[in-house]
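Everything below concerns the one structure shown next.
All of these numbers come straight from a predicted model, not from anything done at the bench. Chain letters run A, B, ... following the sequence lines, proteins first, then strands; residues in each count from 1.
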Amino acid sequence: MATQLTRAPAVLAPAPQRPRPRGDTVGNWRWSQRLAFGACWAAGIALCVVAIAIVGYMAVRGLQYLRPDILFSRPEPGLAQSETGGILDPILGTILLTLIGIVIATPIAVATAVWLVEYGRPAALARLVESGIEVVAGTPDIVLAIFGLAVFQLHLFAPISFTASGGGVFGRSFIAAGAMMSLIALPLVFAATREGLASLPARLREGSWALGKTKICTIRTVLLPQVRRNIATGVALGTGRIVGDTAIVVVLLGASLRIDPQGNVPGLSVLRGTGSTLTSYVYANSPAGEGNAPQKAYAAAFVLLVIVLLINGAVDLLGRRSSHVELGV
Amino acid sequence: MSMYDEVGPADPFLEDDVPSLPPPRRRVRVDRTPLPVEPGAAPFARVRDRSSGPERMRLEGLTVNYAEARVVKGVSLSIHQGEVLALIGPSGCGKTTLLRTLNRLTEATATASRGGRVLLDDQEVEQIEVTALRRRVAMVFQQPNPFPMSIFDNIAYAIRVQNRKRPGRRELEPAVVDALRRAGLYDELGGDLDRPALRLSGGQQQRLCIARAIATRPEVLLMDEPCSALDPKSTAVIEELIGELRRELAVVIVTHNLAQAHRVADRVAFMYLGDLVELGDVDQVFEAPQAQRTRDYVAGAFG
Ligand SMILES: Nc1ncnc2c1ncn2[C@@H]1O[C@H](COP(=O)(O)OP(=O)(O)O)[C@@H](O)[C@H]1O
Ligand SMILES: [Mg+2]
């Protein structure tokens, strides 16, 4: 018997029993913890309610007034709502302005990010560049707008905006507004590209350098293709911000009823001209603005909301794809 | 009454039975790959001709500093064609740093500075244009690092000078296939060179990196622990490959694995804290080391 016991000591020495932990359920919590827990739930649900309320209200009001002919007809000056035409020009204005902003912002932002991550010397200059971009990112859009107005009213920039007969430079045009809009998108594209580049492993670069490739060649052929997704995400975020901006449109695009070309060079005349976007259209026609076409304002607001939601969806999709991009190196 | 009381002290006679001390520690061999029973019985037919080829590189009093810290302290040695030189030594003793100075990759580290001379075919490496130097002194890294492109593009990228589009695919195909053949990878691929390189297994990826490195027909091949991320089977394949490659170029291999150094190397350099402690033929270093430190290191690892 004794020999058996010595062979199987585990039978006689069971693991020491510890007090059973009290279950981690709300019932065992202190009152302050329960309160905080409830508040967290309430906050989350309240946000959902707000989001649903916005989308729901806009959908109801928007769909109530949205007719296909509103989307495809130009706005008209008119006193009664039925005479005010459609929102074709604001839609085109939004698209054109976004394109200009993104086309200006993307190369500058990507080039800056590449320089900062891959070169970044002297270090003091790199810090300066980073703080500079932070300042641009933090500047309120209305401040950017009036600064842009001050700049583009200089005689130097007369060729890109409407010039009054007396020689006064108007300073308002698609180019002027697009240039300032690019400052809104630039920090987002820059940050996304920088994050992407910084997350690439050093051995990818060194592998290329060790083959006798220059830094530039490495960046172009090995690194940039790897951060395409990051750039796309940044561009999508920037697009969302440009589409939603109002201040720069009102101040720098003129917020005229229709796209109003200046001069008679095709294409360029539109860029030099003024116009409006969905945001400025909503503002001008809402009861807070001149308030003469609130139904059209709701329809335009709904279209704007749909565009922004679609862009957000695209950002999500890009982000999700890039998280499991097969970077097995 | 607490639940602890229910157990109480264990039976008195059991206490003798419970070992009061953990079992004595056994010496654990550092490497896991099986040692060859004797050098002749290595897993591949080894051509041990002692006649090494012409000298390719020479280091004269090479020192490397990272900021203030000196990590390579006056190393002089020569590297010959047709010969595998293994750099061994404990972690952090400057093996990787030494290797990276040979193709001037340490220059990518801002804090690194170099003293002494490094000569490639009697020419200072400083005087060779750096991209040209790196095409002549190729390197394989510890982690397989194929580029996220197709297998073909990985090697074509290495062959093309910078970003030139010419030569095109048709002109490059023979050179690419040749590099893959020499790296012993071509037959496994079954002719499909358009697969993404990252889909290959770790061992295949490392051989792709070797193919990429030798595609420009370098004179010297630097390998920094090329098998440390691989399984024993891939390791054996790569060791065999090194035995093949040494005929046409000079190979310098850093390895933690002494058994591997024993299997692949012709000469062995033992480094300790930045000093070159011992340099000699593989048999001499492993069987009759001159320095006490080498004796300890080799004995410790072979146990
Ligand atoms: N980029 C670096 N900057 C500063 N110190 C470094 C750097 N790389 C390596 N070192 C230091 O240099 C010493 C040698 O490192 P390394 O050459 O990698 O050794 P080994 O390859 O023999 O393990 C180590 O002490 C390490 O901390
Ligand atoms: Mg190392």
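With hydrogens and angles ignored, the 3.5 Å screen pairs no side-chain donor or acceptor of Lys213(A) with any backbone N or O of Thr131(B). A donor-acceptor contact shorter than 3.5 Å links the side chain of Asn145(B) to the backbone of Arg203(A).
Comparing Gly212(A), Gly207(A), Pro225(A) by heavy-atom pairs within less than 4.5 Å of chain B, the highest count is held by Gly212(A). Contact tally against chain A (heavy-atom pairs below 4.5 Å) for Met139(B), Gln143(B), Arg135(B), Glu129(B): the top residue is Gln143(B).
For the atom pair CH2 (Trp209(A)) and CZ (Arg100(B)), the distance works out to 9.0 Å, reported to the nearest 0.5 Å. Note: Arg134(B) CZ to Thr214(A) OG1 = 10.5 Å, rounded to the nearest 0.5 Å. Expressed to the nearest 0.5 Å, how far CZ of Phe147(B) lies from CG of Leu223(A) amounts to 9.0 Å. Here the straight-line distance linking atom CG of Asp224(B) with atom CD of Glu206(A) works out to 10.0 Å at 0.5 Å rounding. Between the OG1 atom in Thr221(A) and the OH atom in Tyr157(B) there is a gap of 4.5 Å [rounded to 0.5 Å].
With a 4.5 Å cut-off on non-hydrogen atoms, Arg212(B) touches chain A through its backbone and its side chain both. In this structure, chain A has a heavy atom under 4.5 Å from the backbone of Val161(B), while its side chain stays farther away. The part of Ala110(B) that comes within reach of chain A is its side chain, from C-beta onward, which places non-hydrogen atoms under 4.5 angstrom from that chain. Using a 4.5 Å cut-off between heavy atoms, Arg121(A) touches chain B through its side chain atoms alone.
Counting non-hydrogen atoms of neighbouring residues, nucleotides and ligands closer than 6.0 angstrom, the CZ atom of Arg228(A) reaches no more than 12 such neighbours. Around atom CZ of Phe147(A), no more than 12 heavy atoms belonging to other residues, nucleotides or ligands sit under 6.0 Å away. For Arg114(B), the CZ atom sits in a packed shell: over 12 heavy atoms of surrounding residues, nucleotides or ligands are nearer than 6.0 Å.
Taking both residues in full, the closest heavy atoms of Pro146(B) and Leu204(A) are given as O-CD1, 4.2 Å, listed atom of the first, atom of the second, then distance.
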